[in-house]
Each structure stands twice: as C-alpha cells, then as structure tokens.
Amino acid sequence: MIKPTIPKGTRDFSPEIVRRRNYIFQIIRTVFEKYGFQPLETPAMEDMSTLTGKYGEEGDKLMFRILDNGDIIEKAKQAKDNKELSSLLCGKALRYDLTIPFARYVVMHQNEIAFPFKRYQIQPVWRADRPQKGRYREFYQCDADIVGSDSLINETELLSIYDQVFSSLGIKGFELRVNNRKILSGLAEMIGRPELLTDITIAIDKLDKIGLEGVKNELEERGLDKISIEKIEKFLNIQGGGEEKLAQLQALLHDSVTAQKGMEELKEVLFSGNIPLQVKPRLDQTLARGLNYYTGIIIEAKAPAAVKIGSIGGGGRYDDLTGLFGLSGISGVGISFGVDRIYDVLEELNLFPDVVQQSTQVLFLQMDKESLPIIFPLLQKLRENNIASEVYPDQVKFDKQMKYANKRSIPFVAIIGESERAENAVSLKNMQSGKQEKIPMENMLNHLKAQL
RNA sequence: GUGGCUGUAGCUCAGUUGGUUAGAGCAUCAGAUUGUGGUUCUGAGGGUCGUGGGUUCGAACCCCAUCAGCCACCCCA
C-alpha cells in the first residue's frame, strides 16, 4: 500500500472550501463582466520560449518544466550543464503567471482583437518555489487587464473594480494605495543612479516589513552611498494628505521630467475623477511593488489592518508588454486579486454567507420500496423549480439517513412512509428548527418555496 | 538555493532519568433507539512510534544518516 500524499505546496479543496472559493470567484467574475471585461483562458502549459527570460533569473529557476516524451537519453548526453539539459529536454513549462500568456495571446490574435482589449482570466499558475505560509506551488490568479489604451480612465476603472469587489464581499476597512513608477524612476535619476532603480524599488518595497532602518541597510548593501540614502530617506518620510504629498514630491523631484510626468498622472487618477468610491485611494510614495515590468501607475489593495494579512491585490501599468513578442507600442494596465488571501480575510472576519454552504435543500429518506414511485416525480418537480433535492440511495436505518442529512447541512428532510402514503401526504422536517409537519403532497413545492 | 523547528492512531496531541501490554480528545463503526439528526451514555476497531542504521540487557525517548512536513531568508501572489 502506498501512503496517499499530494505534492508539496499543492492542496485539495474539499467541498465546503470549493464553495467558499467559488463564492469569491463568482463575485470577482461578475464585477469584471460588469465593467466590460471579456473572459480568456490559455493553456496550462506554454512553449518554453514563451516563458523563459520574462521573469528574470529567479523566475526561470522557479518554472515548472515538463519533460518531453520520447527518446531523450541521446539528447541528454549532449548537455554540458543542468541549464542546458533542461532546455534540451523540456520544450514546455507550466505557466508562471497569466500576464505573459496574455501578451502572447494578444500578439497571436492581434488581427482579430478589437482594441482596446479588456480581458479577465481566472486560472491556476505554478511555481517551483519552496512553499511556506500563504505561498503555494499551485495557486489561482485573477487578473483583469486592458491593452491598447493609454488613457488613465483605465486606471480609474480598475480602482473602481477593487472598490466594488471588496465592498460586495463585505470587507470593510480595506485600503487602496497608489503610486507611480515614474516617481521612483525620477528618484533614481535624482540621486544619479538610474541603473539602480530595481535595487531601490526592491529595498523600498520592504519598508512595511523591515522598517526605515532596514531599508537603509539594504540600500547600502545594494551599493548606494550615504548622501543618496539620505535623499531616499527624505523621500520616504514625506507625510500628509495626497495634495500635500504631491507638493512635497514636486519640490523634491523638480529636476526629473519623468517624475513630473508621474505626478501628473497620479493627479489625474486621484483628484480629477468623479467616480464615487467607498474607499478613497491613497497616494503612497513608498509603494514599490516587486514586478519589474511596471512603468506607470502602481496599485496595491491591502486587507483591513486588523487582520494582518497585508496585500490582497495589486497591479499597475506596463508599457510595451507585447514588444517581447514583436508587437510594440501597445501599453497595458492590469490588476490582480489574491484569492487565497482574500479567503483568509473573509474567514477571519466571518464574512462568508451561510447560504454558500448549502447544496442539497431537500433530502428524501428512503423508508421502503413502495415510496420510490412517489418520490421520483416529486424530485423532478422540485428540480424543475430549482430546488436541489435528492433521495438517500440506500434503504438503511432511519437514524443513519438523518445523520447524513445533518452532516451535509441539508435544511429539509422529506419523509414518505406507510402512514404518509395512506394520507397522500409528506412529512417535512426543518432540520434547523427541528419542527416537522405533515402536509398534503401537492402543497410540498409551495410550502418549500415559501421557506427557502 | 541558505538556515531553523517538527515527525507517535484518519486528525490534534500526551508519553516520566531509557524499563512490563504506547495513551487521550476528536473522527469512524456498533449498541442504548427496527419512524427521527444535531446534545447524552456504553462498547469496539484502528499503531512497523516517518525510514534505515548505531549505542544498550532493554529505545517512541540517546547518537548518526535519510526522507517528509512546517517556518524564516532570497524572491514573490
């Protein structure tokens, strides 16, 4: 016998968990659709050439490669090192995110697509990372992107989507933070080290986690001198309301054309829109977000401070994403929802509605064979009226059938035995209240409709 | 890739300085109750103590190796 296990970093989702996850997916999907986004699905695997080099060195390492079929021994012998070996033997890999496959799709279908193209995609992605808390090797991403439009209206709409989704889920106290990569670029320019933009963003990104001193140490390790670090510190310490912050940033970064452009964009998104939002996005110049390909506005959605989960979504604008596949000049902006973390937030705040758990509404107990010809037409009638119902398939002890109904949280149990048959009635038990009443068979549907 | 912690019943965990037959709660099954669940009571089944080696008269316990899981770092969602 083999001990049953699943691969590291993967999970089974039991029925009640799937239901809760579907509840989240369904709300996100509905909102995406409401904003005019179209669904897209791409294959679980992509050609290696599509994926390699798109996520940096680290990304290549974390890619799940798929071993080719056929006679690979001969090929393997030609390899000089591991890296060459995998490129010789693995023509395909599991997708690492949804953005690159999307870019590939856009380029391949550019002649059919009506631009600006708004698509959403909810599918799993795979990373050969070492799993830890809240990080898995297989997990879902929920992305919505718009390509082929430079308008900042898109950014506003995406912020509005975050607002809608979180409000619909009943999450109160979430935060939306906004920044612009151009401002960070301007900062790097100002201290005369534009080539260190990535190092600076990575360090700044950790501010929440390691604090100001930690960031300063990290910057030093990444090769910045004291004067530069002082300037960055000054930048990070800017406080106040949005307009105040902008004014101070303006003063600090007045020499950088790039930064000025970034601030213009932010101003337009944050202060000129009339879109009513439940939660006002906040300018946070310390927001960096790891991904390198962002070039404009960056967005982060944070869970309510009380739950200590941090980011539950993020996104931003990236210029020229499709350029990698030979279609240049197309800008994109997108957001992503972190479903696993949102799940934890809802769980912790007890925000899953009870109805999410219900599947079958009515269970017919099987008392004897004679009742089956009565039960089947009733089942059909209920199902035609969208009332999920089933009959217990085996004729076992009453007690056992009741326990089954209870365990499955089925709200109503229908009993038709000898005495019910004699009266042309059905005994209907409300499992929550424990009350049971005998009602005429033809009234069953209306009776249930009234109570469900 | 680097470091730390933990592996005992299906699950969560006890287990004395190394000493008879390794325990509990939950879950499962059966009975109390052949037409009434969720609460109760009674009973039962379930273990190569992760695996392999070593020390010892004797190992769940000590040592070594190995595998697996968890956590942190790097990076990221």
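It should be emphasised that the depicted structure is a prediction, and the values quoted were computed from it without experimental measurement. The figures here come from the full heavy-atom set of this structure, side chains too, leaving out hydrogens, waters and symmetry mates.
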*Asks:* A/Asp340 has an atom CG; how far is it from atom C1' of B/rC76, in whole Å?
*Replies:* 13 Å
*Asks:* Answer with yes or no whether A/Gln401 presents, from its side chain, a donor or acceptor under 3.5 Å of a partner atom in the base of B/rU36.
*Replies:* no
*Asks:* Paired with B/rA22: which nucleotide, if any, by Watson-Crick or G-U wobble criteria at under 3.5 Å for both distances?
*Replies:* none
*Asks:* Is A/Lys429 side chain donor-acceptor paired with the B/rU36 base, going by distance under 3.5 Å alone?
*Replies:* yes
*Asks:* In Watson-Crick or G-U wobble terms, both distances under 3.5 Å, what is the partner of B/rC76?
*Replies:* none
*Asks:* What is the distance, to the nearest angstrom, from the NZ atom on A/Lys61 to the P atom on B/rU2?
*Replies:* 11 Å
*Asks:* What is the pairing partner of B/rC49, taking Watson-Crick or G-U wobble pairs with both distances under 3.5 Å in any strand?
*Replies:* none
*Asks:* Taking N and O atoms by type only, does the side chain of A/Arg135 place a donor or acceptor under 3.5 Å from a partner on the base of B/rC75?
*Replies:* yes
*Asks:* Side chain of A/Asp399, heavy atoms from C-beta onward: which of B/rA77, B/rC74, B/rG37 has the nearest atom to it?
*Replies:* B/rG37
*Asks:* Measure CE/A/Met367 against P/B/rU36 and give the value in whole Å, please.
*Replies:* 9 Å
*Asks:* Rounding to an integer number of Å, can you tell me how far A/Lys8 NZ sits from B/rU6 P?
*Replies:* 18 Å
*Asks:* Indicate whether any N or O donor in one side chain lies under 3.5 Å from an N or O acceptor in the other, for A/Glu33 and A/Tyr120.
*Replies:* yes
*Asks:* Above 12 or not: heavy atoms from other molecules or residues under 6.0 Å from CD1 of A/Ile153?
*Replies:* no
*Asks:* Could you work out which one of B/rA77, B/rG35, B/rG37 sits closest to the side chain of A/Glu418?
*Replies:* B/rG35
*Asks:* OP1 or OP2 of B/rA30 versus the side-chain N and O atoms of A/Lys397: is any pair under 4.0 Å?
*Replies:* no
*Asks:* Between B/rA27, B/rG38, B/rC75, which one does the side chain of A/Lys206 approach most closely?
*Replies:* B/rC75
*Asks:* Quick one: which of B/rU36, B/rC71, B/rG31 gets closest to the side chain of A/Arg130?
*Replies:* B/rC71
*Asks:* Are any non-hydrogen side-chain atoms of A/Val215 and A/Ile232 less than 4.5 angstrom apart?
*Replies:* no
*Asks:* Using only modelled atom types and a 3.5 angstrom limit, is any donor from either the side chain of A/Glu420 or the base of B/rG35 paired with an acceptor on the other?
*Replies:* yes
*Asks:* In the strands shown, is B/rC70 matched to any nucleotide by a Watson-Crick or G-U wobble pair with both distances under 3.5 Å, and which?
*Replies:* B/rG4
*Asks:* In terms of the nearest nucleotide of RNA chain B, which residue is placed more toward the 5' end: A/Lys133 or A/Asp205?
*Replies:* A/Lys133
*Asks:* Could you give the CD-to-C1' distance, from A/Glu218 to B/rC75, as a whole number of Å?
*Replies:* 11 Å
*Asks:* With heavy-atom distances below 4.5 Å as the criterion, would you say the side chains of A/Met444 and A/Phe412 are in contact?
*Replies:* no
*Asks:* Quickly work out the A/Lys400 NZ to B/rG31 P distance and round it to whole Å.
*Replies:* 10 Å
*Asks:* Quickly work out the A/Leu363 CG to B/rG37 C1' distance and round it to whole Å.
*Replies:* 11 Å
*Asks:* Between A/Leu428 and A/Ile439, is there a side-chain heavy-atom distance shorter than 4.5 Å?
*Replies:* yes
*Asks:* Under 4.0 Å: is that the gap between some side-chain N or O of A/Lys407 and OP1 or OP2 of B/rU28?
*Replies:* yes
*Asks:* Only one of A/Leu176, A/Asp208, A/Asp284 clears side-chain contact (heavy atoms from CB on, under 4.5 Å) with A/Lys302; which?
*Replies:* A/Asp208
*Asks:* Mapping A/Gly434 and A/Ser336 onto RNA chain B by nearest heavy atom, which one lands closer to the 5' end?
*Replies:* A/Gly434
*Asks:* Could you check how far NZ of A/Lys435 sits from C1' of B/rU36, rounded to whole Å?
*Replies:* 17 Å
*Asks:* Please confirm whether the shortest side-chain N or O distance from A/Gln132 to OP1 or OP2 of B/rA72 is below 4.0 Å.
*Replies:* yes
